[in-house]
Amino acid sequence: MASSVDYSLYLVTDSTPAILGDRDLVEVVEAALAGGVTLVQYRDKVSDTAVLVSTARRLHLVTRKYNVPLLINDRVDVALAVGCEGVHIGQDDLDLRSARKLLGEKAIIGVTVSTVEEARLACKDGADYLGIGTMFATATKTNTKNVIGTAGTKEILRAISEDGRNVRAVSIGGINASTVQRVLYQSSDSKKKLDGVAVVSAIVAAKDPKRAAEDLMKLIKSPPPFA
Ligand code: TZP
Ligand code: MG
């Protein structure tokens, strides 16, 4: 599973009223899947464990219908309880080696990195992919360590291309229809390109999440006007 994952358009969820509004998260995710999202991370910083598990189970029913992997942010225990495809962990969460021991070799495990050192370590410890960011400052997550832009992202991509393991890479932070092509093409190193982009508000806060996903996917698949 881990090597065949399509990272092109990675939806990361948010359950706060500021972004989700009063809509049902599972319905929003299903619409985004219908619009072409290729990977889903359930990221919920507000619900208790019981709600996390029950929502993750509902999400998993939907993602399986679309044959798209479901990852859980932070919580290896929730991923284990639900039996979904993996987790995404930050620098302050359970360490990657422990997560791998608990979830097994087949699980998809991604790590947030914002420096070359963090990226090298995540590669060494066996990450399947890196969530590189924060690309641009964003209201969705204000406590990010670094805003690294396309230049910082390119530096990390160059470093991981030397690692030889072909770890996959996505960019996150402030990515939307206006920025996605710049992100993809200005960050690319000659030896290693981004495998995709991760977005929260561009889809979850959109009036029409299906349409938002379709529009982003079109931009991802088409060459930029400034190439
Ligand atoms: N990690 C770094 S930025 C971010 C996360 C989870 C939030 C990105 O949200 P948005 O709305 O796509 O800018
Ligand atoms: Mg985390």
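Order of listing sets the numbers, starting from 1, for every ligand and every atom in it.
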Closest non-hydrogen protein atom to [atom], residue and atom name please, with distance?
| atom | result |
| --- | --- |
| atom 2 (C) of ligand 1 | T134 OG1, 3.6 Å |
| atom 13 (O) of ligand 1 | T138 OG1, 2.6 Å |
| atom 12 (O) of ligand 1 | V200 N, 2.9 Å |

Could you tell me the separation between the [atom1] atom of [X] and the [atom2] atom of [Y], rounded to the nearest 0.5 Å?
| X | Y | atom1 | atom2 | result |
| --- | --- | --- | --- | --- |
| D14 | K141 | CG | NZ | 11.5 Å |
| I72 | D77 | CD1 | CG | 9.5 Å |
| H88 | L71 | NE2 | CG | 9.0 Å |
| N67 | R64 | CG | CZ | 11.0 Å |

query: Which atom, among the N/O/S set of D93, is closest to the Mg ion (ligand 2)?
result: OD2
task: For the Mg ion (ligand 2), find the closest N/O/S atom on D74 and give its atom name.
output: OD1
Which of the numbered atoms in ligand 1 are below 4.0 angstrom from a heavy atom of [X]?
| X | answer |
| --- | --- |
| I172 | 1 (N), 2 (C), 4 (C), 5 (C), 6 (C), 8 (C) |
| S201 | 10 (P), 11 (O), 12 (O) |
| V199 | 12 (O) |
| K141 | 1 (N), 2 (C), 4 (C), 5 (C), 6 (C), 7 (C) |

Min heavy-atom dist V12 to ligand 1 below 4.0 Å: no
- prompt: Quick one: does A202 get a heavy atom under 4.0 Å from ligand 1?
  reply: no
- prompt: Tell me, do V29 and Y42 make a side-chain contact under 4.5 Å, heavy atoms counted?
  reply: no
query: Under a 4.0 Å heavy-atom limit, does R43 contact ligand 1 with its side chain, its backbone, both, or neither?
result: side chain
task: Could you label the plane-to-plane angle of the Y10 and Y129 rings as parallel, tilted or perpendicular, counting under 30° as parallel and over 60° as perpendicular?
output: perpendicular
query: Nearest heavy-atom pair of K192 and V167: which atoms, and what distance?
result: NZ-O, 2.9 Å
message: So for atom CG, which belongs to D22, do other residues, nucleotides or ligands contribute more than 12 heavy atoms lying within a distance under 6.0 Å?
response: no
